[in-house]
Amino acid sequence: MSEYQAVKGTRDIFPEEVAQWRYVEEIVHTLSTLCGFSEIRTPVFEYTELFQRGIGPTTDIVGKEMFSFLPDPKGRSVTLRPEMTAGVMRAALQKKLFSLAPLHKLYYIGELFRKERPQAGRQRQFSQFGAELLGVSSPAAVAEVITLMMQVFESLGLTGLKLRINTLGDTEDRLRYREALQLYFSPFQEILDDASKERLEKNPLRILDSKNPAVQELVAGAPRLYDYLKASSLQDFEKVLFYLAEREIAYVIDHRLVRGLDYYSHTAFEVSSAELGAQDAIGGGGRYDGLARELGSSADVPASGFAVGMERLLITMEKQGLFAALHPHGPHVYVVVQQQELADHALQITWQLRKAGIKSEMDLAGRSMKAQMRDANRIRASYVLFVGTMEYSTGLYSLKNLATSRQTTLSLEALLQFLQEVAVKEQPAL
RNA sequence: GUGAUUGUAGCUCAGUUGGUUAGAGCGCCAGGUUGUGGCCCUGGAGGCCGGGGGUUCGAGUCCCCUCAUUCACCCCA
(Lines give C-alpha, C1' and ligand atoms only; values in the text may rest on other atoms or scores of the structure.)
Protein backbone atom coordinates (compact mmCIF):
# COMPACT_ATOMS: atom_id res chain seq x y z
CA MET A 1 0.00 0.00 0.00
CA SER A 2 1.38 3.36 -0.98
CA GLU A 3 1.94 6.12 1.51
CA TYR A 4 -0.72 8.35 0.02
CA GLN A 5 -4.19 7.36 -0.93
CA ALA A 6 -7.17 9.25 -2.22
CA VAL A 7 -8.96 11.27 0.46
CA LYS A 8 -11.82 9.49 2.19
CA GLY A 9 -14.90 9.59 0.02
CA THR A 10 -13.05 10.45 -3.19
CA ARG A 11 -11.96 8.19 -5.99
CA ASP A 12 -9.94 8.09 -9.18
CA ILE A 13 -11.50 7.37 -12.52
CA PHE A 14 -9.17 5.48 -14.81
CA PRO A 15 -9.26 5.52 -18.62
CA GLU A 16 -11.56 2.57 -19.11
CA GLU A 17 -14.16 4.13 -16.85
CA VAL A 18 -13.63 7.58 -18.30
CA ALA A 19 -14.95 6.17 -21.55
CA GLN A 20 -18.20 5.38 -19.75
CA TRP A 21 -18.40 8.89 -18.33
CA ARG A 22 -17.83 10.46 -21.70
CA TYR A 23 -20.51 8.30 -23.22
CA VAL A 24 -23.05 9.41 -20.61
CA GLU A 25 -21.96 13.05 -20.73
CA GLU A 26 -22.33 13.02 -24.49
CA ILE A 27 -25.95 11.98 -24.22
CA VAL A 28 -26.60 14.57 -21.53
CA HIS A 29 -25.19 17.31 -23.75
CA THR A 30 -27.07 16.16 -26.81
CA LEU A 31 -30.45 15.72 -25.18
CA SER A 32 -30.26 18.88 -23.09
CA THR A 33 -29.42 20.88 -26.18
CA LEU A 34 -32.20 19.17 -28.09
CA CYS A 35 -34.65 20.32 -25.44
CA GLY A 36 -33.38 23.88 -25.58
CA PHE A 37 -31.17 23.93 -22.48
CA SER A 38 -27.76 25.61 -22.56
CA GLU A 39 -24.80 24.61 -20.47
CA ILE A 40 -23.69 26.72 -17.52
CA ARG A 41 -20.55 26.26 -15.43
CA THR A 42 -20.36 27.91 -12.05
CA PRO A 43 -17.57 27.96 -9.44
CA VAL A 44 -17.07 24.94 -7.19
CA PHE A 45 -17.13 27.18 -4.16
CA GLU A 46 -19.40 29.99 -3.09
CA TYR A 47 -19.87 32.14 -0.04
CA THR A 48 -21.24 30.00 2.74
CA GLU A 49 -24.29 32.23 3.24
CA LEU A 50 -25.50 31.41 -0.25
CA PHE A 51 -26.09 27.82 0.76
CA GLN A 52 -27.37 28.69 4.19
CA ARG A 53 -29.99 30.96 2.66
CA GLY A 54 -30.62 28.91 -0.46
CA ILE A 55 -30.81 25.37 0.86
CA GLY A 56 -32.14 26.28 4.26
CA PRO A 57 -30.56 26.34 7.70
CA THR A 58 -32.62 23.41 8.99
CA THR A 59 -31.41 20.97 6.37
CA ASP A 60 -28.82 18.31 7.09
CA ILE A 61 -26.72 19.54 4.21
CA VAL A 62 -26.25 22.94 5.76
CA GLY A 63 -26.31 21.67 9.32
CA LYS A 64 -23.55 19.12 9.15
CA GLU A 65 -22.38 18.23 5.66
CA MET A 66 -20.67 21.29 4.26
CA PHE A 67 -16.96 21.64 3.60
CA SER A 68 -16.44 25.22 4.69
CA PHE A 69 -13.23 27.17 5.13
CA LEU A 70 -11.78 30.63 5.38
CA PRO A 71 -9.68 31.53 2.35
CA ASP A 72 -7.88 34.16 4.42
CA PRO A 73 -8.11 35.14 8.08
CA LYS A 74 -10.25 38.20 7.46
CA GLY A 75 -12.16 36.71 4.56
CA ARG A 76 -15.72 35.52 4.44
CA SER A 77 -16.37 31.84 4.90
CA VAL A 78 -16.68 29.92 1.66
CA THR A 79 -18.05 26.46 1.05
CA LEU A 80 -17.46 23.74 -1.51
CA ARG A 81 -20.80 23.52 -3.26
CA PRO A 82 -22.99 20.74 -1.86
CA GLU A 83 -25.56 21.15 -4.63
CA MET A 84 -25.91 23.11 -7.83
CA THR A 85 -29.17 24.99 -7.80
CA ALA A 86 -28.19 27.78 -5.43
CA GLY A 87 -25.09 28.57 -7.44
CA VAL A 88 -26.92 28.57 -10.75
CA MET A 89 -29.62 30.86 -9.40
CA ARG A 90 -27.00 33.14 -7.92
CA ALA A 91 -25.21 33.32 -11.26
CA ALA A 92 -28.42 34.09 -13.12
CA LEU A 93 -29.35 36.86 -10.68
CA GLN A 94 -25.86 38.31 -10.63
CA LYS A 95 -25.75 38.47 -14.42
CA LYS A 96 -29.26 39.96 -14.46
CA LEU A 97 -30.31 37.38 -16.99
CA PHE A 98 -33.94 38.15 -16.41
CA SER A 99 -33.64 41.65 -17.73
CA LEU A 100 -32.52 40.16 -21.04
CA ALA A 101 -35.28 37.61 -21.27
CA PRO A 102 -37.84 36.34 -18.80
CA LEU A 103 -37.05 32.69 -19.33
CA HIS A 104 -33.78 30.76 -19.14
CA LYS A 105 -33.12 27.07 -19.54
CA LEU A 106 -29.77 25.95 -18.18
CA TYR A 107 -28.13 22.61 -17.63
CA TYR A 108 -24.90 21.54 -15.96
CA ILE A 109 -22.58 18.67 -15.16
CA GLY A 110 -20.38 19.23 -12.14
CA GLU A 111 -18.74 18.01 -8.96
CA LEU A 112 -20.30 18.44 -5.54
CA PHE A 113 -18.99 17.96 -2.02
CA ARG A 114 -20.73 16.73 1.08
CA LYS A 115 -19.05 15.68 4.33
CA GLU A 116 -20.84 12.40 4.93
CA ARG A 117 -19.68 8.89 5.76
CA PRO A 118 -19.04 7.19 2.44
CA GLN A 119 -21.06 4.10 1.62
CA ALA A 120 -22.41 2.34 -1.45
CA GLY A 121 -23.47 5.02 -3.92
CA ARG A 122 -22.32 7.84 -1.69
CA GLN A 123 -19.07 9.76 -1.83
CA ARG A 124 -17.81 13.01 -0.43
CA GLN A 125 -17.02 14.24 -3.88
CA PHE A 126 -19.60 13.25 -6.45
CA SER A 127 -21.06 14.52 -9.68
CA GLN A 128 -24.47 15.53 -10.81
CA PHE A 129 -25.94 16.60 -14.05
CA GLY A 130 -29.13 18.57 -13.95
CA ALA A 131 -31.22 21.27 -15.49
CA GLU A 132 -32.88 24.41 -14.24
CA LEU A 133 -35.76 26.10 -15.94
CA LEU A 134 -35.79 29.64 -14.61
CA GLY A 135 -38.43 32.30 -15.00
CA VAL A 136 -41.67 30.42 -15.42
CA SER A 137 -43.79 28.66 -12.93
CA SER A 138 -46.13 26.24 -14.58
CA PRO A 139 -46.98 22.58 -14.79
CA ALA A 140 -45.59 22.61 -18.31
CA ALA A 141 -42.23 23.81 -17.01
CA VAL A 142 -42.00 21.05 -14.38
CA ALA A 143 -43.10 18.50 -16.91
CA GLU A 144 -40.39 19.78 -19.22
CA VAL A 145 -37.57 19.11 -16.78
CA ILE A 146 -38.96 15.74 -15.72
CA THR A 147 -39.27 14.74 -19.34
CA LEU A 148 -35.70 15.68 -20.11
CA MET A 149 -34.48 13.69 -17.13
CA MET A 150 -36.48 10.61 -18.07
CA GLN A 151 -35.40 11.02 -21.68
CA VAL A 152 -31.77 10.76 -20.65
CA PHE A 153 -32.48 7.59 -18.69
CA GLU A 154 -34.31 6.11 -21.61
CA SER A 155 -31.63 6.98 -24.13
CA LEU A 156 -29.04 5.31 -21.94
CA GLY A 157 -31.13 2.17 -21.94
CA LEU A 158 -31.96 2.20 -18.23
CA THR A 159 -34.92 0.10 -17.17
CA GLY A 160 -36.80 -0.55 -13.95
CA LEU A 161 -36.49 2.99 -12.61
CA LYS A 162 -39.27 4.23 -10.40
CA LEU A 163 -40.49 7.81 -10.58
CA ARG A 164 -42.31 9.00 -7.48
CA ILE A 165 -44.03 12.32 -7.46
CA ASN A 166 -45.87 14.51 -4.98
CA THR A 167 -47.03 18.04 -4.50
CA LEU A 168 -46.10 20.21 -1.57
CA GLY A 169 -48.62 22.93 -2.41
CA ASP A 170 -47.79 26.60 -2.26
CA THR A 171 -46.61 28.51 0.78
CA GLU A 172 -50.11 29.09 2.09
CA ASP A 173 -51.12 25.46 1.69
CA ARG A 174 -48.03 24.33 3.47
CA LEU A 175 -48.49 26.78 6.30
CA ARG A 176 -51.95 25.47 7.05
CA TYR A 177 -50.83 21.88 6.64
CA ARG A 178 -47.86 22.54 8.88
CA GLU A 179 -50.12 23.63 11.68
CA ALA A 180 -52.32 20.59 11.17
CA LEU A 181 -49.30 18.33 11.40
CA GLN A 182 -48.02 19.98 14.54
CA LEU A 183 -51.42 19.63 16.09
CA TYR A 184 -51.53 15.97 15.13
CA PHE A 185 -48.03 14.96 16.23
CA SER A 186 -47.76 17.01 19.42
CA PRO A 187 -49.62 14.52 21.67
CA PHE A 188 -47.24 11.72 20.66
CA GLN A 189 -44.06 13.14 22.17
CA GLU A 190 -42.97 9.82 23.66
CA ILE A 191 -43.23 7.99 20.33
CA LEU A 192 -41.31 10.57 18.33
CA ASP A 193 -37.54 10.21 18.16
CA ASP A 194 -35.26 13.16 18.80
CA ALA A 195 -34.88 14.05 15.16
CA SER A 196 -38.62 14.03 14.66
CA LYS A 197 -39.20 16.20 17.71
CA GLU A 198 -36.82 18.76 16.33
CA ARG A 199 -38.54 18.65 12.97
CA LEU A 200 -41.89 19.09 14.62
CA GLU A 201 -40.72 22.58 15.50
CA LYS A 202 -38.72 23.49 12.45
CA ASN A 203 -40.05 21.52 9.52
CA PRO A 204 -42.85 19.07 10.39
CA LEU A 205 -43.18 17.97 6.76
CA ARG A 206 -39.93 16.12 7.08
CA ILE A 207 -41.39 13.80 9.70
CA LEU A 208 -43.40 12.24 6.90
CA ASP A 209 -40.44 10.57 5.25
CA SER A 210 -38.94 9.26 8.48
CA LYS A 211 -37.81 5.64 8.26
CA ASN A 212 -38.44 4.99 11.94
CA PRO A 213 -41.15 2.29 11.99
CA ALA A 214 -42.86 3.68 15.07
CA VAL A 215 -42.99 7.13 13.53
CA GLN A 216 -44.21 5.66 10.27
CA GLU A 217 -47.19 4.16 12.07
CA LEU A 218 -48.08 7.60 13.28
CA VAL A 219 -47.58 9.05 9.83
CA ALA A 220 -50.09 6.59 8.41
CA GLY A 221 -52.83 8.29 10.40
CA ALA A 222 -51.59 11.82 9.88
CA PRO A 223 -53.56 14.38 7.92
CA ARG A 224 -52.75 14.54 4.26
CA LEU A 225 -51.39 17.58 2.54
CA TYR A 226 -53.74 16.77 -0.28
CA ASP A 227 -56.69 17.79 1.87
CA TYR A 228 -55.14 21.16 2.57
CA LEU A 229 -54.44 22.13 -1.01
CA LYS A 230 -56.41 24.97 -2.47
CA ALA A 231 -58.16 24.25 -5.76
CA SER A 232 -55.53 25.98 -7.87
CA SER A 233 -52.70 23.96 -6.30
CA LEU A 234 -54.56 20.74 -6.93
CA GLN A 235 -55.19 21.70 -10.54
CA ASP A 236 -51.54 22.55 -10.95
CA PHE A 237 -50.49 19.09 -9.80
CA GLU A 238 -53.05 17.33 -11.91
CA LYS A 239 -51.83 19.18 -14.94
CA VAL A 240 -48.31 17.95 -14.33
CA LEU A 241 -49.59 14.39 -14.08
CA PHE A 242 -51.53 14.92 -17.27
CA TYR A 243 -48.38 15.89 -19.15
CA LEU A 244 -46.52 12.88 -17.84
CA ALA A 245 -49.29 10.52 -18.84
CA GLU A 246 -49.44 12.09 -22.27
CA ARG A 247 -45.72 11.47 -22.72
CA GLU A 248 -46.06 7.91 -21.44
CA ILE A 249 -43.86 8.52 -18.44
CA ALA A 250 -44.81 6.10 -15.70
CA TYR A 251 -45.05 7.48 -12.17
CA VAL A 252 -46.49 6.72 -8.78
CA ILE A 253 -47.89 9.35 -6.46
CA ASP A 254 -46.21 9.23 -3.08
CA HIS A 255 -47.80 11.46 -0.48
CA ARG A 256 -44.87 11.07 1.86
CA LEU A 257 -42.30 12.30 -0.62
CA VAL A 258 -41.08 15.55 0.89
CA ARG A 259 -37.42 15.88 -0.06
CA GLY A 260 -34.81 17.40 2.12
CA LEU A 261 -34.26 20.82 0.67
CA ASP A 262 -36.29 23.70 1.98
CA TYR A 263 -36.77 25.52 -1.28
CA TYR A 264 -39.24 23.18 -2.93
CA SER A 265 -42.86 24.06 -3.51
CA HIS A 266 -45.63 22.42 -5.47
CA THR A 267 -44.25 19.49 -7.44
CA ALA A 268 -41.45 17.36 -5.99
CA PHE A 269 -40.19 14.15 -7.54
CA GLU A 270 -37.59 11.48 -7.11
CA VAL A 271 -36.34 8.58 -9.22
CA SER A 272 -34.98 5.47 -7.58
CA SER A 273 -33.10 2.47 -8.90
CA ALA A 274 -33.50 -1.04 -7.52
CA GLU A 275 -29.86 -1.66 -8.46
CA LEU A 276 -28.47 0.71 -5.84
CA GLY A 277 -28.85 -0.65 -2.32
CA ALA A 278 -29.62 1.69 0.53
CA GLN A 279 -28.91 4.93 -1.30
CA ASP A 280 -31.29 4.28 -4.14
CA ALA A 281 -32.18 7.80 -5.26
CA ILE A 282 -30.67 8.31 -8.68
CA GLY A 283 -32.25 11.66 -9.33
CA GLY A 284 -34.75 14.13 -8.01
CA GLY A 285 -36.01 17.64 -8.19
CA GLY A 286 -39.02 19.86 -8.12
CA ARG A 287 -40.25 23.36 -8.26
CA TYR A 288 -38.74 26.14 -6.18
CA ASP A 289 -40.56 29.36 -6.71
CA GLY A 290 -39.25 31.04 -3.59
CA LEU A 291 -35.53 30.51 -4.00
CA ALA A 292 -34.74 33.70 -5.90
CA ARG A 293 -36.43 35.88 -3.27
CA GLU A 294 -34.57 33.99 -0.60
CA LEU A 295 -31.35 34.95 -2.36
CA GLY A 296 -32.27 38.59 -2.37
CA SER A 297 -33.99 39.00 -5.70
CA SER A 298 -36.45 41.90 -5.76
CA ALA A 299 -38.56 40.11 -8.32
CA ASP A 300 -40.03 36.64 -8.30
CA VAL A 301 -38.12 34.11 -10.33
CA PRO A 302 -40.15 30.95 -10.27
CA ALA A 303 -38.18 27.90 -11.29
CA SER A 304 -38.00 24.15 -11.49
CA GLY A 305 -35.22 21.68 -12.02
CA PHE A 306 -33.75 18.29 -11.37
CA ALA A 307 -30.42 16.75 -10.50
CA VAL A 308 -29.15 13.25 -11.26
CA GLY A 309 -26.27 11.58 -9.46
CA MET A 310 -23.72 10.60 -12.09
CA GLU A 311 -22.02 7.93 -10.00
CA ARG A 312 -25.32 6.30 -9.12
CA LEU A 313 -26.32 6.49 -12.74
CA LEU A 314 -23.09 4.81 -13.80
CA ILE A 315 -23.45 2.11 -11.14
CA THR A 316 -26.95 1.33 -12.31
CA MET A 317 -25.85 1.20 -15.93
CA GLU A 318 -22.97 -1.09 -15.08
CA LYS A 319 -25.30 -3.43 -13.19
CA GLN A 320 -27.66 -3.50 -16.12
CA GLY A 321 -24.82 -4.30 -18.50
CA LEU A 322 -25.30 -1.14 -20.52
CA PHE A 323 -21.60 -0.58 -21.10
CA ALA A 324 -21.05 -3.97 -22.72
CA ALA A 325 -21.02 -2.51 -26.22
CA LEU A 326 -18.62 0.19 -25.16
CA HIS A 327 -15.14 -1.08 -25.90
CA PRO A 328 -12.54 1.61 -26.37
CA HIS A 329 -10.42 0.63 -29.32
CA GLY A 330 -6.66 0.75 -29.27
CA PRO A 331 -4.40 2.38 -31.82
CA HIS A 332 -4.99 1.60 -35.42
CA VAL A 333 -1.37 0.78 -36.07
CA TYR A 334 1.36 -0.49 -33.79
CA VAL A 335 4.81 0.02 -35.23
CA VAL A 336 7.09 -2.88 -34.36
CA VAL A 337 10.78 -2.35 -34.73
CA GLN A 338 13.20 -5.20 -35.39
CA GLN A 339 16.51 -3.72 -34.28
CA GLN A 340 17.08 -0.91 -31.90
CA GLU A 341 19.27 0.88 -34.47
CA LEU A 342 16.09 1.38 -36.47
CA ALA A 343 14.06 2.75 -33.57
CA ASP A 344 14.46 6.34 -34.70
CA HIS A 345 13.40 5.47 -38.19
CA ALA A 346 10.35 3.68 -36.81
CA LEU A 347 9.52 6.67 -34.66
CA GLN A 348 9.68 8.85 -37.70
CA ILE A 349 7.21 6.59 -39.49
CA THR A 350 4.94 6.55 -36.46
CA TRP A 351 4.78 10.32 -36.53
CA GLN A 352 4.13 10.30 -40.25
CA LEU A 353 1.15 8.04 -39.62
CA ARG A 354 -0.11 10.30 -36.86
CA LYS A 355 0.22 13.36 -39.03
CA ALA A 356 -1.92 11.56 -41.59
CA GLY A 357 -4.54 11.11 -38.88
CA ILE A 358 -3.88 7.46 -38.23
CA LYS A 359 -3.87 6.57 -34.57
CA SER A 360 -0.49 4.93 -34.05
CA GLU A 361 1.61 3.58 -31.24
CA MET A 362 5.10 2.29 -30.77
CA ASP A 363 7.16 0.74 -28.02
CA LEU A 364 9.38 3.34 -26.40
CA ALA A 365 11.05 0.97 -23.97
CA GLY A 366 13.26 -0.85 -26.47
CA ARG A 367 11.79 -4.27 -25.81
CA SER A 368 12.01 -7.43 -27.88
CA MET A 369 9.81 -8.03 -30.90
CA LYS A 370 7.88 -10.63 -29.00
CA ALA A 371 7.16 -8.11 -26.28
CA GLN A 372 6.14 -5.51 -28.85
CA MET A 373 3.78 -7.95 -30.54
CA ARG A 374 2.24 -8.91 -27.24
CA ASP A 375 1.84 -5.28 -26.39
CA ALA A 376 0.18 -4.58 -29.73
CA ASN A 377 -2.20 -7.39 -29.02
CA ARG A 378 -2.93 -6.27 -25.49
CA ILE A 379 -3.80 -2.72 -26.38
CA ARG A 380 -5.97 -4.00 -29.20
CA ALA A 381 -4.17 -2.55 -32.17
CA SER A 382 -5.74 -3.36 -35.52
CA TYR A 383 -2.53 -3.53 -37.50
CA VAL A 384 1.14 -4.04 -36.90
CA LEU A 385 3.66 -2.33 -39.14
CA PHE A 386 7.07 -3.97 -39.19
CA VAL A 387 10.18 -1.89 -39.49
CA GLY A 388 13.34 -3.90 -40.11
CA THR A 389 16.50 -3.78 -42.17
CA MET A 390 14.67 -5.10 -45.19
CA GLU A 391 12.01 -2.39 -45.03
CA TYR A 392 14.60 0.23 -44.38
CA SER A 393 16.60 -0.64 -47.49
CA THR A 394 13.71 -1.34 -49.90
CA GLY A 395 11.17 1.20 -48.63
CA LEU A 396 8.54 -1.53 -48.70
CA TYR A 397 6.86 -2.22 -45.37
CA SER A 398 5.02 -5.25 -44.04
CA LEU A 399 1.63 -4.57 -42.60
CA LYS A 400 -0.10 -7.28 -40.61
CA ASN A 401 -3.77 -7.40 -39.78
CA LEU A 402 -3.86 -8.76 -36.24
CA ALA A 403 -7.38 -10.08 -36.50
CA THR A 404 -6.87 -12.09 -39.68
CA SER A 405 -3.09 -12.59 -39.37
CA ARG A 406 -2.81 -11.64 -43.02
CA GLN A 407 0.22 -9.67 -44.05
CA THR A 408 0.92 -7.48 -47.07
CA THR A 409 3.89 -5.47 -48.24
CA LEU A 410 3.38 -1.89 -49.36
CA SER A 411 5.26 1.28 -50.09
CA LEU A 412 4.88 4.05 -47.53
CA GLU A 413 2.54 6.05 -49.77
CA ALA A 414 0.33 3.06 -50.49
CA LEU A 415 0.38 2.26 -46.81
CA LEU A 416 -0.81 5.69 -45.78
CA GLN A 417 -3.55 5.67 -48.38
CA PHE A 418 -4.74 2.20 -47.39
CA LEU A 419 -4.74 2.98 -43.68
CA GLN A 420 -6.60 6.22 -44.13
CA GLU A 421 -9.28 4.39 -46.06
CA VAL A 422 -9.77 1.59 -43.56
CA ALA A 423 -9.46 4.02 -40.68
CA VAL A 424 -12.62 5.86 -41.64
CA LYS A 425 -14.40 2.57 -42.19
CA GLU A 426 -13.32 0.86 -39.02
CA GLN A 427 -13.19 3.70 -36.55
CA PRO A 428 -16.54 5.45 -36.39
CA ALA A 429 -16.73 8.39 -34.03
CA LEU A 430 -17.39 7.45 -30.41
C1' G B 1 -21.71 11.77 13.93
C1' U B 2 -23.39 6.25 15.44
C1' G B 3 -23.08 0.85 14.56
C1' A B 4 -20.98 -3.33 12.27
C1' U B 5 -17.36 -5.41 8.79
C1' U B 6 -12.75 -6.47 6.54
C1' G B 7 -7.23 -5.44 6.07
C1' U B 8 -1.78 -11.47 3.58
C1' A B 9 1.82 -10.34 -3.86
C1' G B 10 -0.80 -5.70 -9.00
C1' C B 11 -5.95 -8.61 -8.56
C1' U B 12 -9.00 -12.76 -6.22
C1' C B 13 -7.97 -15.46 -2.13
C1' A B 14 -5.45 -19.98 0.97
C1' G B 15 -2.60 -20.11 5.40
C1' U B 16 -4.42 -26.16 9.92
C1' U B 17 -4.78 -26.14 17.90
C1' G B 18 0.61 -19.94 17.73
C1' G B 19 6.10 -23.58 15.33
C1' U B 20 11.65 -23.00 10.69
C1' U B 21 13.15 -19.64 4.48
C1' A B 22 4.47 -17.02 3.93
C1' G B 23 1.51 -20.03 -0.68
C1' A B 24 -1.98 -20.72 -5.15
C1' G B 25 -4.58 -18.94 -9.45
C1' C B 26 -4.76 -14.83 -12.62
C1' G B 27 -1.75 -10.69 -14.17
C1' C B 28 3.37 -8.86 -15.11
C1' C B 29 8.55 -9.88 -17.08
C1' A B 30 11.86 -13.27 -19.70
C1' G B 31 12.96 -17.66 -22.48
C1' G B 32 11.23 -21.80 -25.67
C1' U B 33 10.76 -19.18 -31.57
C1' U B 34 18.32 -13.96 -32.49
C1' G B 35 11.77 -10.90 -38.43
C1' U B 36 5.88 -12.06 -36.08
C1' G B 37 1.02 -11.69 -31.20
C1' G B 38 -3.26 -14.38 -29.04
C1' C B 39 -2.77 -20.86 -27.28
C1' C B 40 0.87 -24.00 -24.87
C1' C B 41 5.45 -25.13 -21.96
C1' U B 42 9.55 -23.43 -18.67
C1' G B 43 11.61 -19.95 -15.54
C1' G B 44 11.68 -15.17 -12.92
C1' A B 45 10.44 -10.77 -10.35
C1' G B 46 7.11 -9.12 -6.87
C1' G B 47 5.01 -9.46 0.48
C1' C B 48 7.80 -4.24 6.98
C1' C B 49 0.87 -10.41 6.48
C1' G B 50 -2.34 -2.08 7.12
C1' G B 51 0.64 0.51 11.34
C1' G B 52 2.10 0.61 16.67
C1' G B 53 2.33 -1.79 21.30
C1' G B 54 1.69 -6.25 24.30
C1' U B 55 1.52 -11.76 25.70
C1' U B 56 5.04 -15.81 24.40
C1' C B 57 11.07 -19.41 23.77
C1' G B 58 8.36 -18.22 19.22
C1' A B 59 2.80 -14.11 16.42
C1' G B 60 0.17 -13.68 9.61
C1' U B 61 -2.38 -16.54 13.64
C1' C B 62 -3.91 -14.42 20.56
C1' C B 63 -4.91 -9.31 23.33
C1' C B 64 -5.08 -3.77 23.25
C1' C B 65 -4.69 0.74 20.50
C1' U B 66 -4.61 3.13 15.85
C1' C B 67 -5.29 3.91 10.63
C1' A B 68 -7.83 2.49 6.44
C1' U B 69 -11.85 -0.26 3.78
C1' U B 70 -16.69 -1.77 3.08
C1' C B 71 -21.83 -1.89 4.48
C1' A B 72 -25.79 0.15 7.25
C1' C B 73 -28.17 4.23 10.27
C1' C B 74 -28.96 9.57 9.77
C1' C B 75 -29.76 12.08 5.18
C1' C B 76 -29.37 12.55 0.28
C1' A B 77 -27.67 12.30 -5.95
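A, B, ... follow the sequence lines: proteins, then strands. Residue 1 opens every chain. The model shown is predicted, which means the values in this text are computed figures rather than measured ones.
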Using a heavy-atom cut-off of under 4.0 Å over every strand shown, decide if [X] touches base, sugar-phosphate, or nothing.
X	value
Gly121(A)	base
Ala120(A)	sugar-phosphate
Gln125(A)	nothing

Taking Watson-Crick and G-U wobble pairs with both distances under 3.5 Å, convert RNA chain B into its dot-bracket string, 5' to 3', dots for unpaired and | for cross-strand pairs.
((((.((..((((.....[...)))).(((((.......))))).....(((((..]....))))))).))))....
Sorted by chain and number, sequence neighbours left out, side chain to side chain contact (heavy atoms under 4.5 Å, CB included) with Leu276(A) holds for Ser273(A), Asp280(A), Ile282(A), Arg312(A), Ile315(A), Thr316(A)
Output all residues satisfying side chain to side chain contact (heavy atoms under 4.5 Å, CB included) with Thr159(A), sequence neighbours left out; order by chain, then residue number.
Gln320(A)
Take atom [atom1] in [N] and the same atom in [M], then report the distance between them in whole Å.
N	M	atom1	answer
A59(B)	G54(B)	P	12 Å
G60(B)	U69(B)	P	25 Å
U61(B)	A77(B)	P	44 Å

Return no unless some side-chain N or O of Gln279(A) is found under 4.0 Å from OP1 or OP2 of A72(B).
no
Measuring to OP1 and OP2 of A72(B), would you say a side-chain N or O of Gln119(A) lies under 4.0 angstrom away?
yes
When you check every protein heavy atom under 4.0 Å of nucleotides 27-40 of chain B, what one-letter string (B, S, -) results, 5' to 3'?
-SSSSB--BBBB--
Under 3.5 Å donor-acceptor pairs involving side-chain atoms of residues 338-350 of chain A, not counting sequence neighbours:
residue   : atom : partner   : partner atom : Å
Gln338(A) : OE1  : Thr389(A) : N            : 3.2
His345(A) : NE2  : Tyr397(A) : OH           : 2.8
Thr350(A) : OG1  : Ala346(A) : O            : 2.8

Excluding sequence neighbours, so at least two apart, what forms side-chain hydrogen bond (donor to acceptor under 3.5 Å, both in side chains) with [X]?
X	value
Gln151(A)	none
Arg224(A)	His255(A)
Tyr108(A)	none
Glu391(A)	Ser398(A)

Strictly under 3.5 Å: I want the nitrogen or oxygen pairs between protein and nucleotides 1-3 of chain B, one per line.
residue : atom : partner   : partner atom : Å
U2(B)   : O4   : Arg117(A) : NH1          : 2.6
G3(B)   : O6   : Arg117(A) : NH1          : 3.3

Using atom types as modelled, flag every donor-acceptor pair under 3.5 Å from a side chain in residues 402-417 of chain A to any protein atom, sequence neighbours excluded.
residue   : atom : partner   : partner atom : Å
Thr404(A) : OG1  : Arg406(A) : N            : 3.2
Ser411(A) : OG   : Ala414(A) : N            : 3.3

Does the side chain of Tyr107(A) reach to within under 4.5 Å of the side chain of Val28(A), using non-hydrogen atoms?
yes
Tell me the interatomic distance from Asp60(A), atom CG, to A77(B), atom P, rounded to whole angstroms.
11 Å
Between Ala278(A) and Gly9(A), name the one whose nearest nucleotide on RNA chain B is closer to the 5' end.
Gly9(A)
Earlier contact from the 5' end, RNA chain B, for Ala307(A) and Val7(A)
Val7(A)
With side-chain hydrogen bond (donor to acceptor under 3.5 Å, both in side chains) as the rule and sequence neighbours excluded, what pairs involving residues 138-150 of chain A come up?
Lys105(A)-Glu144(A), Thr147(A)-Arg247(A)
